[in-house]
Protein chains: 2
Amino acid sequence: MDEHEGVARMTTVTIRDVAAAAGVSVGTASRVLSGNPATSAASRERVAAAVARLDFHPNAQARSLRSTRTRTIGLLVSDVRNQFFADLAHAVEQAALAHGYVILLGNANEREDQQDRYLDTLISQRVDGIIVAPQGDGSGVIRSLLRRGIPTVFVDRTVDGIDLPSVTTDSGHGIRQAVEHLADQGHTRIGYIAGPQAISTGRERFNAYTRAIEANGLSRDPALVYFGDFQAASGSSGVHALLNLEQPPTAILAADSPMATGAVAMLHRLGVRIGTDMALVAFDDIEWFALLQPALSVISHSVEKMGREAVDLLLQVIDGGAPESIVLPSELIVRASSSTPHRPGSVSSLRKN
Amino acid sequence: MDEHEGVARMTTVTIRDVAAAAGVSVGTASRVLSGNPATSAASRERVAAAVARLDFHPNAQARSLRSTRTRTIGLLVSDVRNQFFADLAHAVEQAALAHGYVILLGNANEREDQQDRYLDTLISQRVDGIIVAPQGDGSGVIRSLLRRGIPTVFVDRTVDGIDLPSVTTDSGHGIRQAVEHLADQGHTRIGYIAGPQAISTGRERFNAYTRAIEANGLSRDPALVYFGDFQAASGSSGVHALLNLEQPPTAILAADSPMATGAVAMLHRLGVRIGTDMALVAFDDIEWFALLQPALSVISHSVEKMGREAVDLLLQVIDGGAPESIVLPSELIVRASSSTPHRPGSVSSLRKN
DNA sequence: CGATTCCATGGAACCGATTCCATGGATGAG
DNA sequence: CTCATCCATGGAATCGGTTCCATGGAATCG
C-alpha cells in the first residue's frame, strides 16, 4: 500500500519552470527551444540562461505527442551476437546519428514471435520509421506495418509478397565465383551448408549454389546439401553430416558466418585440416576469418554501405518518397582455406572406421 | 511550402475510437487496457473486441506522459562491434525482456562526446533507468544523471568519485593466474598491452599485472608495457613495439579482446608463431579465440551473468532500493597459445636485421 | 425493510510539450 | 501626424492516454 518513495523524487523541470525563470511565456520558451525564428535576441538569451541554470531536458514524450515526430528509428536485427548484424547495427546507428536520429535496437533472436513483440513495441513508441531484417513469412505484425503506413524498409532480407523498399546483397555473383574457383582447384563434390529456406537470403544463396553447380557440371548429389538455421551449432552438425557420407565432399561452402564458425569448430574437433584435407569458403567477411590458420576464403559484401543505404532509403520514405530498392554486390576473396589444388582421394569418410 | 502527403495518412486509432466502438467511456476503456481490476467482464470483452477490430496500438508517448513510466531501459555500451559488448547487449536485452522492459541501445564508440549525446537523448526519452559502461572521468552528463536522480547502474566499468551500484569483474584473480601460469612455463619477460588508464578496467587490470609481476619476481622493465586504447589497431601496434625491443618479451598478455585480435594479426604478419615463438593470453573469452590454431588462452568472465545482474540491480534501484555492487570472478583458461614451456633464447628482436 | 458498503462507470483534470490565434507596441509610408 | 504593417509575445487549445472524483445501482447486513 505504501509508495516507494525511497529515492529522492525527481525534481522534474518543465518548460513552465524555464519560462518563469526567464520571465517569458511558455509559448516563447518553446519557440526559443525549437529554433523558431519568431523570437527576439533578448528572450533567446534569457531562455538559454534559464535552461542552463535549471539543467532542463525537454520531455521527448510530450514533445512528440503533439508534433507526432520522435526522431527515433527502430532497428530490428536477427541476432546481435552475429558479428554481421552487430556491424550492421553500428553502421545504421552512425548513419542515423548523422541525421539526428536515435536508434531503438530490437533483437529478434532469429525468432518470429520475438520480432513481433518488438514490432508492437516500436509501433507503440511511435518511431518515425523501422528498418528490419525480417523473420517469417510476413503473416504476423509485419503486415500491420504496411496497413498502418509506417515507414519501413527491409535490410539484408526481404519477405515474399510484401512490397517494401529494401537493401539486399546480390549473393549470386559471389557464390558463382566461389563455385567456379573451387571447380578450378579440381573439386567436383562441393558440399553446401544452407540457411533456412524460409528466409530470403537462405533461398537466394541456395539457388545460386544450385545453378552454379549445374553450370560447372559438378556433382548434383542432394546429400551434399545440409540445411542449417544460420546459427553456429547447425554449421557443426552440417560438417558432421557431410563427412559421414560415403563419398564426402572435398570442399564446403557455408551460407553465413555463424554456420562457418561452427563448421570450423567441428573440422578442428574431427582433426580435418582446413585447406589441405577440406577446402572451406564462408559467406560474410568477418574480420577474424582472416586470422585463422589457414585464413578463410570468404564471399564479402559491404555492411557499412548496407547500413548507410538503409538509413537513406528510410529517410526518403519518411519524407513521402517511394525509393527504388538497392542491391549491393558480393565478391569472392580467395585466401588459403581454398587455394590448395585438390588431389583425388585425399578425403576420407568418417564411416571408414 | 507544399506538404509531403504522398503516403497515405496514418489513420490514427485512439482510445476514444475504441471506447466509442465498444460503447463505453474512455475511462473504462483505459482501465481495461491497463489491466485495472475495477472492470466488468462485459466491458472487458467489448473493449477487447474493439481493440482487435480496429488494430489499436496505444500511444506509448501519451501513456508515459501521464504515468511517468516508459517500461524502457537505456543501455549505453562502449562499442557494439566489440564482441564482448554485443554479447552484453544481448544478455541485457534478454533479461530486460523477461521483465517487460525494452532496451534503447546507444553506442559510445569509446568516445565521451558520443556517450554524452546519447545520455541526453535517453534522459529526454524519460527511460525508466540507464545501464552504462561509462567513458571518461564523469565530468560531463554522467554527473547530471546523479543530480536528477535517474536510476543508473554501471556495468563492466566504473567512474571514480561517482557512487553508483555496479556490476564489474574482479580481473585481479584471472590476471594473477595468467602471470603465474606464464612464470611456470619459464617466462620471465612478460609483455603487457594495457588499456587506457582513464578507464577503470584499464587501470585495474594494469595494476593487477604489475602486482603479479612483482609477486613472482619477474622483470619489471617498463618497456614491457604498451599502452593501447582497447581497440584492435593498438593491439597490433603494441606487438610491433614489444618485438622491437632489444630484449623482447617471450609472452604477451592483452587487456581486452579487440587488442588481442590486433595482436594476433600482427604476430601473423611478422611470422611469429603463437605458442612456440611467443606465448599469448587474452582478457575476455570470445567464442572464436578457441578456434585459432593454436587456440588462445584467455581470462574468462561471464558476460551473460554480468548482463543479468545489471538488469536486476537496475530494477532494484528503480524500485527505490540501494543495492550493493556486484563483483564477478574471472578465471584463466589455459589453451595451446601459452602451454609450450619457454626455452631461453628462442625469441629474437625485430631489430636484429 | 432501511441503511451502509462496494464497485463499475462516466466525466473531467492532468501530464508537458507544440502551435494557432489574437494582441499590442514599434516601425515605416503617406 | 495618422494609418497600415510587421513581428515578438502571451494565452489557450491540443496531442492521447491515465487517474481522480462523484455517482448510481446492486449487494450485504442488522
Side-chain angles (χ1 to χ4, degrees), chain A residues 3 9-48 50-51 54-72 121 123-126 128 148, chain B residues 3 9-48 50-51 54-72 120-121 123-128 148:
Chain A
E3 309 249 358
R9 205 82 232 93
M10 271 198 259
T11 46
T12 328
V13 179
T14 77
I15 200 173
R16 250 160 277 271
D17 301 322
V18 172
V24 299
S25 72
V26 287
T28 300
S30 170
R31 276 181 285 261
V32 170
L33 287 169
S34 53
N36 189 314
T39 50
S40 68
S43 44
R44 252 177 317 224
E45 202 173 296
R46 305 177 55 111
V47 169
V51 164
L54 300 176
D55 190 25
F56 170 70
H57 290 252
N59 183 322
Q61 261 81 35
R63 169 175 289 184
S64 58
L65 177 58
R66 184 65 224 257
S67 62
T68 68
R69 300 208 57 186
T70 58
R71 307 296 291 179
T72 297
T121 305
I123 294 174
S124 286
Q125 295 282 339
R126 297 293 188 272
D128 289 346
R148 302 168 61 93
Chain B
E3 309 251 356
R9 206 80 235 97
M10 271 198 258
T11 46
T12 328
V13 179
T14 77
I15 200 172
R16 254 160 271 269
D17 302 321
V18 172
V24 298
S25 71
V26 287
T28 300
S30 170
R31 277 181 285 261
V32 169
L33 287 168
S34 54
N36 188 314
T39 51
S40 68
S43 45
R44 252 179 315 225
E45 203 173 298
R46 304 176 56 109
V47 170
V51 165
L54 301 176
D55 190 24
F56 171 69
H57 290 251
N59 183 320
Q61 263 80 35
R63 170 175 287 183
S64 57
L65 178 57
R66 182 65 222 256
S67 62
T68 67
R69 302 206 56 185
T70 57
R71 306 296 291 176
T72 297
D120 267 331
T121 304
I123 294 174
S124 285
Q125 295 283 339
R126 297 292 189 271
V127 293
D128 290 346
R148 301 168 62 93

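Chain naming here is simple, since letters A, B, ... match the order of the sequence lines and numbering starts at 1 in each. Side chains included, hydrogens not; waters and symmetry mates left out as well; all remaining heavy atoms used.
What separates CD of B:Glu45 from P of C:dA8 is a distance of 16 Å, to the nearest Å. Note: CD1 (B:Ile123) to C1' (C:dG16) measures 17 Å, nearest angstrom. We find that CG of B:Asn36 is positioned 10 Å from P of D:dC20, with the value rounded to whole Å. For A:Arg126 and D:dG17, the CZ to C1' distance is 10 Å, given to the nearest whole Å. Computed from coordinates, the A:Ile15 CD1 to D:dT14 C1' distance equals 15 Å when rounded to whole Å. The distance between atom CG of B:Asp17 and atom C1' of D:dG16, rounded to the nearest whole Å, is 11 Å.
Counting atom types as modelled, A:Arg31 pairs no side-chain N or O with a base atom of D:dA8 as donor and acceptor under 3.5 Å.
Picking from D:dA8, D:dG10, D:dG16 the nucleotide with the shortest atom distance to the side chain of B:Thr12 gives D:dG16.
Within 4.0 Å (heavy atoms only), A:Ser30 reaches at least one base atom of the nucleic acid.
Between B:Ile123 and B:Arg148 there is a side-chain heavy-atom pair separated by less than 4.5 Å. Contact annotation: the side chain of A:Asp55 never approaches that of A:Val13 to less than 4.5 Å [non-hydrogen atoms, C-beta and beyond].
Remark: A:Phe56, A:Pro58, A:Asn59, A:Ala62, A:Arg63, A:Leu65, A:Arg66 in residues 55-71 of chain A come within less than 4.0 Å of DNA chain C through at least one heavy atom.
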- Tell me, with the steps shown, if A:Leu65 and B:Asn59 meet side chain to side chain contact (heavy atoms under 4.5 Å, CB included). CA-CA 8 Å; A:Leu65 177 58; B:Asn59 183 320; 4.1 Å; yes

- Message: For a side chain to side chain contact (heavy atoms under 4.5 Å, CB included) check, start with the C-alpha distance between B:Arg126 and B:Thr68, then their side-chain angles and the critical distance, and finish with the verdict.
- Response: CA-CA 8 Å; B:Arg126 297 292 189 271; B:Thr68 67; over 6 Å; no

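Separation of atoms NE2 (B:His57) and OG1 (A:Thr121) is listed at 10.0 Å; rounding is to 0.5 Å. In this structure, the separation between CZ on A:Arg44 and CG on A:Asn36 is 10.0 Å, given to the nearest 0.5 Å. With values rounded to the nearest 0.5 angstrom, B:Ser64 atom OG is found 11.0 Å from B:Arg69 atom CZ.
Contact check, B:Ser25 against C:dG10: a side-chain N or O comes under 4.0 Å of OP1 or OP2. Taking side-chain N and O atoms only, A:Thr39 has no distance below 4.0 Å to OP1 or OP2 of D:dA8. Taking 4.0 angstrom as the limit, B:Ser43 places a side-chain polar atom (N or O) nearer than this to OP1 or OP2 of C:dT9.
In terms of modelled atom types and a separation under 3.5 Å, the side chain of B:Arg63 and the main chain of A:Ser124 share no donor-acceptor contact.
With a cut-off of 3.5 Å on both pairing distances, the Watson-Crick and G-U wobble pairs of DNA chain D assemble into stems of 3 or more at C:1-30 with D:1-30.
In this structure, B:Thr28 and A:Val26 both approach DNA chain C, and ranking their closest nucleotides by distance from the 5' end singles out B:Thr28.
The minimum heavy-atom distance between A:Leu33 and A:Ile15, with the atom names listed, is CD1-CD1, 3.7 Å.
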